[in-house]
Structures are given as structure tokens and as C-alpha cells.
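To start, the structure itself, in C-alpha cells.
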Amino acid sequence: MMAPEKQLDEIKRGSVELIGEAELKEKLKAGKPLRVKAGFDPTAPDLHLGHMVLIHKLRQFQDLGHQVIFLIGDFTASVGDPSGRSKTRPALTPDEIKANAKTYTDQAFKVLDRNKTEIRFNTEWLAKFTPTDFIKLTSQYTVARLLERDDFGKRLKEQQPLSLHELIYPLLQGYDSVALKADVELGGQDQKFNLVVAREIQRAYGQSAEALLTMPLLEGTDGVQKMSKSYGNYIGITEPPQEMFGKLLSITDDLMWRYYELLSTKTLDEIKSLKAGHPKLAKVALAKEVVARFHSEQAADEAEKNFEQVFAQKGKPDEIEEKQIKSDGSPKELAILMAELGLAKSNSEARRLISQGGVRVDDVVIKDAKHSIVNKGDYLLQVGKRRFLKLSLQ
RNA sequence: GGAGAGAUACCCAAGUGGCCAAAGGGAGCAGACUGUAAAUCUGCCGGCGUACGCCUUCGAAGGUUCGAAUCCUUCUCUCUCCA
């Protein structure tokens with residue numbers, strides 16, 4: 001095993017904060033593999049690059065020879081995390097959770113070593129909680145201290161709802177660490193409060209407090225808000241290579257370096273030399289690296305080629321979705337066709353797109369909102385810069 | 001338990017009887033410019049119709065009125081203060 005100091009350097013790389021460093025060092029010196037925990041919420045079945053920041057870090061722990069615990073918060077998910085207000089989450093059935101969890105782990109194992117990962121669900125211990133257990137847990141912490149949390153205080157001030165069960169959430173999450181006897185917990189920066197509570201809960205239950213490693217939140221493709229499915233600014237790791245590549249190239253330059261910092265396996269020196277070159281080249285390299293990781297080298301090459309073809313040379317992708325529509329011989333209004341084909345949400349929207357010059361048929365910009373397609377045959381429809389569809393009118 | 005405030009379109013937020021499909025901002029979409037970057041500028045931004053227009057929408061359900069997001073009643077939810 002690597003020397004404790006060197007391990008610490010590796011562990012801290014890219015992180016925001018490491019709490020409990022001294023104890024961690026002691027544990028490392030003891031030479032026993034650490035139990036490293038990170039929790040995930042199985043309400044959304046898809047992982048995106050934002051989750052990968054954490055998983056990437058978990059992988060590093062694995063490489064250092066530690067035991068990684070991939071905790072699926074199936075119980076806490078039903079409690080509802082404090083960030084989503086007033087939306088009643090549909091209660092997932094055990095089957096759905098199982099299915100989500102499988103998708104989750106399958107995706108995570110593109111980065112993690114499956115054989116070295118312990119997968120756990122927190123219903124395992126939380127579902128067995130008796131009222132007595134529950135009271136014992138809740139008596140370990142005071143309301144005032146819970147209200148110290150920014151989220152909570154802010155919501156109170158802004159007159160937003162704050163439910164009782166949300167206050168309890170951090171305690172439950174903290175108990176996970178007790179049940180798992182975690183030595184280290186990873187979490188996003190936004191999880192800091194919950195994580196700190198976990199340390200105290202562990203102490204209250206007679207365990208040594210885990211070290212906390214917080215990672216920055218990856219901004220989504222908009223470059224402002226954290227990557228999240230609900231903001232629609234995410235890059236899902238199961239997205240097709242071309243999609244992934246395109247999204248990565250559309251991020252801002254500043255954001256690109258963040259992605260490098262948090263997701264790339266490139267060394268700091270390599271990144272430095274990329275910074276000296278043209279940003280476009282660096283962005284392509286990033287996009288290729290990510291696509292290669294979640295798909296394959298080959299897919300990455302193809303995605304790049306396709307991209308250059310479509311955008312740099314204003315060509316078309318090699319593969320374009322095809323749809324057929326039956327014609328009765330009468331002229332078909334383009335706008336209506338577009339709505340039918342899903343290229344626009346409504347006829348009106350389609351008309352707007354057309355009159356704004358955003359629609360091409362066989363490479364010709366159509367500006368007449370009343371434009372109709374008369375003859376049967378094949379047409380290539382293009383909306384905006386990147387949406388293509390082959391229409392076969394029969 | 002008592003008193004008060006509030007719920008408006010994807011989000012924030014104006015609007016207190018007709019001029020409201022509903023100001024403004026953000027997000028989004030399209031165009032110009034580019035490196036499909038950012039910034040900037042332009043247009044659009046509930047649905048249907050080329051348009052005058054029509055239909056559905058302002059927490060929910062009823063009611064008053066020629067006419068309601070706006071007034072009344074009940075209900076649901078949230079917040080604040082007091083106990």
C-alpha cells in the first residue's frame with residue numbers, strides 16, 4: 001500500500017474539503033483498508049457526469065486498495081431530500097427501486113471496479129427501525145443545530161415550506177454511516193451539512209467519526225447551475241456518443257476546464273499544455289475522452305468525425321432517423337408535418353420556426369409558413385442546426 | 001387554539017371588474033456573429049387559424065355580474081406572529 005502521505009495527496013486532489021484529516025492519517029498509517037462510503041439516491045434511474053465526479057473519486061480509493069461502499073439510499077429517498085420543495089415524490093415500489101438501482105450500478109461500474117465494490121441499501125437497517133430506535137436517533141441532535149443549516153434557514157426566511165421529515169433526513173443519513181461503520185464518506189459540497197451530522201451521530205453511537213471528503217458540484221451545460229436532470233442541463237452517461245460529444249462541445253471554455261479538473265484522467269501537466277493550445281482542440285480532446293470512457297474509443301472517433309461533418313462543414317450526420325408518413329395525394333403542409341413528426345411541439349411552433357428561417361427541406365431554407373409538400377418521395381428535414389429527420393412521404 | 005399574509009404561465013414576478021393570453025426578468029427555441037463556445041444583437045415564446053378572430057389558462061369548486069386573475073362563499077396548501 002502507498003505511503004499515507006502520498007495517499008492523502010491523491011485523496012485530496014480536486015476535492016473541496018477534507019474534514020478529519022488527522023484521524024484519517026492515523027487510520028491510513030494503521031494500514032487497514034478504509035471503508036469508504038458514498039450514498040446515491042435511486043429516484044432517478046440515470047446517472048450523469050455530475051455523479052461521476054464522486055464515482056471517479058471512489059475509483060481512486062479503490063485503486064489505493066480501500067473498500068468502497070456504494071450505498072443506495074432507497075429508504076431515505078422515500079423520505080425526500082430537502083432540496084425539492086412541495087413536489088410530492090411518487091413513492092417508488094420496491095421493484096422500481098431495484099430496477100433503478102441496477103441501472104445505477106451498471107452505469108457506475110463503467111468507472112468502478114465491480115469486484116471491489118460493496119453495494120448496500122439503507123432499507124436494510126432503516127426499515128427495521130422501531131419507534132424506540134427512532135427516538136434514540138432523534139435525541140442525538142437538537143433542532144437549533146439542524147436549523148443552522150443554510151438550506152433550512154434560507155427556506156424559513158423565504159417563507160418556503162419546510163417539513164418535519166426533512167429535518168430528520170440528515171439524521172437518517174448519518175445513521176447509515178453508523179450501520180456501515182464508515183471510515184470515510186464522500187459527498188458533494190452541498191452535502192456538507194448532512195455529512196457533518198453523520199460524524200456526530202457516529203460518535204453518539206460509540207464509533208469513531210468518519211472523515212469527510214467533499215467534492216465540488218459539477219456545473220451543468222448551462223455553466224451556472226449544478227448538473228441535474230431537473231434543470232435539463234445534464235449529460236447522461238448513457239446518452240448516445242454523438243449526443244454526448246455535441247453537448248460537451250457546446251459548454252463554455254471556463255466550464256471545460258472544470259470538467260477537466262473533475263472528470264479527466266489526464267495529469268495536471270497534460271491539462272496545462274492543453275490550456276496553452278486552442279480551446280477548441282482541448283474541448284474536442286475532452287469530449288473524446290469522456291465518450292471513450294462511457295462508450296468506446298471507436299465511438300469517440302466516430303462522434304468526432306460526425307461532428308466535424310455536421311457542424312464544421314455544415315454537412316449531415318451519417319445516420320439520420322427516418323420516418324414515414326402516408327399521403328393521400330393531397331398537399332401536406334410542412335408545419336403540420338413537423339408537428340406530427342415531433343420536430344415541433346405544435347403547429348404554431350412549427351410555423352414560427354419556419355418563418356424565422358430555422359427550417360430547411362433538402363438543404364433549402366423555407367420561410368413560407370404555408371409551405372406544403374406536394375409530391376410523394378423522400379425529403380430531408382432540418383430544424384435548427386442539429387435536428388435532422390428523413391421523411392418518406394408515401 | 002388565536003390573528004394576519006399569500007397561492008398568477010417552465011421559474012421569479014407585476015396585475016384588484018372590461019384596454020389581460022395576462023407587464024418585466026430569467027430559462028428555452030430560432031436567426032446573425034463564432035470555435036454548434038462565451039458575450040452581443042434580433043425575433044419568437046398557451047393552443048387552433050395566414051390575419052380581424054376563436055378556444056383553454058391566473059391553487060380547487062361554486063356564486064355575483066352583460067363581463068372576473070381581479071368581488072363573494074367554501075375548500076386545499078404554504079408562510080408569519082401570538083399562545
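Lettering of chains follows the sequences in order, A, B, ..., and the numbering in each one begins at 1.
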Whole-Å [atom1] distance, [N] and [M]:
N     : M     : atom1 : value
B:U80 : B:U74 : P     : 25 Å
B:A7  : B:A61 : C1'   : 16 Å
B:C52 : B:G47 : P     : 16 Å
B:U64 : B:U73 : P     : 15 Å
B:C45 : B:C11 : C1'   : 14 Å
B:G24 : B:A9  : C1'   : 14 Å
B:C12 : B:G67 : C1'   : 31 Å
B:C10 : B:U16 : C1'   : 26 Å

* **Which residue lies more 5' along RNA chain B, comparing A:Ser346 with A:Leu249 via nearest heavy atoms** =>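 Looking at RNA chain B, the more 5' nearest nucleotide goes with A:Leu249.
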* With RNA chain B as reference, determine whether A:Gly246 or A:Gly384 sits nearer its 5' end, using the nearest nucleotide of each. =>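 Residue closer to the 5' terminus by nearest nucleotide: A:Gly384.
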Any strand: nucleotide that pairs with [N] via Watson-Crick or wobble, under 3.5 Å:
N     : answer
B:A14 : none
B:U78 : B:A5
B:C41 : B:G31
B:A51 : none

Of the listed nucleotides ([options]), which one gets closest to any side-chain atom of [X]?
X        : options             : result
A:Lys385 : B:U50, B:G47, B:C33 : B:C33
A:Leu353 : B:U50, B:G31, B:C29 : B:C29
A:Arg352 : B:G35, B:U50, B:C45 : B:C45
A:Lys370 : B:C48, B:U50, B:G49 : B:U50
A:Arg387 : B:U50, B:C29, B:A38 : B:C29
A:Gln356 : B:U50, B:G43, B:C33 : B:G43
A:Asn347 : B:U50, B:G35, B:C48 : B:C48

* Remember a base hit wins even if backbone is also touched, and classify A:Ile251 as base, sugar-phosphate or nothing at under 4.0 Å, heavy atoms. =>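 It contacts sugar-phosphate atoms only.
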How many whole angstroms separate atom [atom1] of [X] from atom [atom2] of [N]?
X        : N     : atom1 : atom2 : value
A:Ile336 : B:U50 : CD1   : P     : 8 Å
A:Asn233 : B:G28 : CG    : C1'   : 13 Å
A:Arg360 : B:A30 : CZ    : P     : 13 Å
A:Ile354 : B:U50 : CD1   : C1'   : 12 Å

* With salt bridge (Lys or Arg N to Asp or Glu O under 4.0 Å) as the test, would you mind laying out the steps for A:Asp183 and A:Arg35 before giving the verdict? => CA-CA 5 Å; A:Asp183 296 306; A:Arg35 292 178 62 74; 5.7 Å; no
* Would A:Gln107 and A:Thr238 count as having a side-chain donor-acceptor pair, cut-off 3.5 Å? ->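 Their side chains do not contain a donor-acceptor pair, so the 3.5 Å distance test is not met.
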* To do: Please determine which of A:Lys27, A:Gln202, A:Lys181 meets the side-chain hydrogen bond (donor to acceptor under 3.5 Å, both in side chains) test together with A:Ser208.
  =>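 Only match with A:Ser208 under side-chain hydrogen bond (donor to acceptor under 3.5 Å, both in side chains): A:Lys27.
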* **Positive for side-chain hydrogen bond (donor to acceptor under 3.5 Å, both in side chains) with A:Thr265, one of A:Glu270, A:Arg59, A:Glu289, A:His56** =>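 Exactly one pass, corresponding to A:Glu289.
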* To do: Kindly say if A:Ser348 contacts the phosphate of B:C48, meaning a side-chain N or O under 4.0 Å from OP1 or OP2.
  =>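 So the side chain of A:Ser348 is within the cut-off, an N or O lying under 4.0 Å from OP1 or OP2 of B:C48.
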* Identify the two heavy atoms, one from A:Phe61 and one from A:Val68, that lie closest to each other, and give their separation to 0.1 Å. =>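 It is CB-CG2, 4.2 Å.
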* **Candidate pair A:Phe121 and A:Phe75, rule ring-ring contact (aromatic ring centres under 6.0 Å, His included), full reasoning** => CA-CA 8 Å; A:Phe121 295 79; A:Phe75 187 90; over 10 Å; no
